[in-house]
Chemist: 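Before I ask anything, here is the structure I am working with.
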Amino acid sequence: MKLHNQIFISMAVAALFGAFTTLESQIFGVPVIAVYDTIGQLFINGLQMIVVPLITSAMISSLTNLGEGRDLGRLGGKSVAYYMTTSLIAILIGVAVANTFTPGVINGEPAGDRLGLADNTAEVLARIEGRGAGDFAGVILQLLPANLLEAAVKGQLLGLIVFSLLFGYFLRQVPGNSGQALRDAIDGLYQTMIKLTMFIIRFTPIGVFGLIAATVTRTGLAAIQPLLWFFLCVLLALLLHSAVALTLLVRVLAKRSPLRLARAMAPALLTAFSTASSAAALPLNMQSIRHRAGVSKRTTSFVLPLGCTINMDGTALYECMVVLFIAQAYGLELSFGMQFMIVFTALLTSIGVASIPAASLVAITLILGIVGLPAQAIGLVLVTDRLLDMCRTAVNVWSDGVAAVLIARSEGEQDVLMREPEAANT
Ligand code: ASP
């Protein structure tokens with residue numbers, strides 16, 4: 001059976017299991033939720049284990065194979081232009097939906113009192129405090145980490161990418177046998193990592209089962225009730241961005257079928273959804289884009305790791321919508337200038353947000369501060385955060401895939417999406 005069908009079935013079964021499990025349920029004296037958590041965590045561990053060697057070897061080998069120095073500038077320029085443009089479109093869609101449907105106003109009244117703050121707000125604030133990545137200076141400093149290993153340990157991929165880019169750039173200039181030997185070795189490392197990735201990917205249905213069952217047990221669908229309107233507004237905006245805006249780009253600019261791309265990316269999108277981490281979905285995304293969508297190794301290994309770290313359309317859109325929602329719930333009128341400021345900050349912070357679950361909460365507290373709202377107000381949206389995190393992460397990953405296809409096509413690649421993904425090997 002195809003991998004994405006296996007994942008679908010496992011998600012459905014997991015939702016069923018989750019619906020019948022409570023936090024108190026036990027099996028042989030062990031809490032069932034702990035069993036789900038362990039299965040899910042093992043899978044995430046497996047994916048995260050490969051992220052650092054995979055992206056460093058992919059970026060370095062893509063750079064050393066890039067050809068002319070000019071190619072690097074062109075590919076980098078195109079990627080950054082794409083990331084910024086689509087994130088901006090996402091944010092503007094979010095702002096338009098939030099202003100049109102005003103989810104923070106219920107029956108003409110600001111919804112603040114009615115919603116109340118979640119009990120664990122203080123705990124969440126303490127957890128995200130000092131995680132960095134949210135403020136501008138933090139983002140800039142992350143670009144050049146003093147300690148590479150520390151950056152890797154903390155999952156700050158931005159610094160690792162900059163290092164890999166520099167390393168690859170200078171490795172190109174090392175002549176003779178020693179340069180070639182190292183280039184070959186890194187290429188070998190990259191190919192090994194791809195094989196290891198394929199091995200871990202086989203366990204996706206099992207891992208996804210644990211993750212979804214745990215989420216359904218913890219959150220349940222009833223939790224969404226008071227925030228239903230806000231929840232639906234975010235879903236609508238995410239849908240407009242992914243199914244209309246990005247899809248049009250694939251159709252018009254890349255002249256390829258967006259549906260075929262979605263089918264090719266299905267395993268990666270489902271993994272992004274289940275893990276709520278674009279870093280965890282990166283290995284699968286690289287595999288899907290390379291082998292199922294037919295994008296060259298050169299483009300895949302440059303565009304996707306970079307996109308995974310700095311291109312977060314869903315996150316940027318969400319940051320904006322949460323802040324507008326909270327401002328509405330508090331009855332705060334936001335001027336055009338203030339909304340512009342929010343858009344700008346969301347665009348910049350989405351670059352620095354880590355590709356892990358709930359990472360955008362850090363950026364949201366920062367923007368709340370700029371608007372003059374208390375950071376505690378984030379408590380309003382905590383209940384739905386996980387479910388929306390799953391959705392926005394899938395959009396983040398979808399946008400990375402669209403970037404790879406668009407850039408590959410603009411580089412003259414003809415093979416992209418020419419065959420059905422099923423002809424490939426996953
Ligand atoms: N979970 C998101 C991601 O990994 C980041 C976020 O919006 O919290 O892409």
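We number each residue from 1, following the sequence as shown. Atoms within a ligand are numbered from 1 in the order they appear, just like the ligands themselves.
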Chemist: Applying a 4.0 Å heavy-atom criterion (strictly less than), which segment of A276 is in contact with ligand 1: side chain, backbone, both, or neither?
Modeler: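 Backbone only.
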Chemist: Atom 2 (C) of ligand 1: which of T393, L361, N311 has the nearest heavy atom?
Modeler: T393
Chemist: Hey, does A279 come in under 3.5 Å of ligand 1, counting only N/O atoms on both sides?
Modeler: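 No.
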Chemist: Parallel, tilted or perpendicular, judged at 30° and 60°: which one describes the rings of F163 and F167?
Modeler: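 Geometry flag for F167 against F163: tilted rings.
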Chemist: Would you mind checking which non-hydrogen protein atom is closest to atom 4 (O) of ligand 1, with the distance to 0.1 Å?
Modeler: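 For atom 4 (O) of ligand 1, the nearest protein heavy atom is S278 N, 2.9 Å.
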Chemist: Does the side chain of S410 come under 3.5 Å of the side chain of K78 through a donor N or O and an acceptor N or O?
Modeler: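 Distance-only check passes for S410 and K78.
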Chemist: Using the rule given for side-chain contact (heavy atoms from CB on, under 4.5 Å), can you reason through L324 versus M321, listing the C-alpha separation, both sets of side-chain angles and the distance that settles it, and then say yes or no?
Modeler: CA-CA 5 Å; L324 294 181; M321 288 195 75; 5.8 Å; no
Chemist: Compute whether any side-chain donor of one residue and acceptor of the other, for S278 and D400, lie under 3.5 angstrom apart.
Modeler: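 D400 and S278 do not have a side-chain donor-acceptor pair below 3.5 Å.
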Chemist: Testing the 3.5 Å rule here: is there a donor-acceptor pair between the side chains of Y190 and S62?
Modeler: no
Chemist: Classify the ring geometry of Y318 against F230: parallel below 30°, tilted from 30° to 60°, perpendicular beyond 60°.
Modeler: tilted
Chemist: Within ligand 1, which atoms have a heavy atom of R392 less than 4.0 Å away?
Modeler: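 Here the atoms of ligand 1 in question are 6 (C), 7 (O), 8 (O).
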Chemist: If we ignore angles and hydrogens, is there a donor and acceptor under 3.5 Å between the side chains of Y169 and T64?
Modeler: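 Note: Y169 and T64 side chains miss the donor-acceptor criterion.
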Chemist: Taking 4.0 angstrom as the limit and counting only heavy atoms of T315, give me the atoms of ligand 1 inside it, by number and element.
Modeler: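 Every atom of ligand 1 under 4.0 Å from some heavy atom of T315: 5 (C), 6 (C), 7 (O).
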Chemist: Looking at S277, which atoms of ligand 1 are within less than 4.0 Å of one of its heavy atoms?
Modeler: 4 (O)
Chemist: Can you find a side-chain donor-acceptor pair between S296 and T299 that sits under 3.5 Å?
Modeler: yes
Chemist: I want to know if ligand 1 touches M312 in the polar sense, i.e. an N/O pair below 3.5 angstrom.
Modeler: no
Chemist: Enumerate the atoms of ligand 1 whose separation from the nearest heavy atom of A358 is less than 4.0 angstrom.
Modeler: 8 (O)
Chemist: Could you see which bit of A272 sits under 4.0 Å from ligand 1, with heavy atoms only: side chain, backbone, both or neither?
Modeler: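 None of A272 does.
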Chemist: Within the 4.0 Å heavy-atom shell around S360, which atoms of ligand 1 are there?
Modeler: 6 (C), 7 (O), 8 (O)
Chemist: If we only count N/O pairs under 3.5 Å, is V353 in contact with ligand 1?
Modeler: no
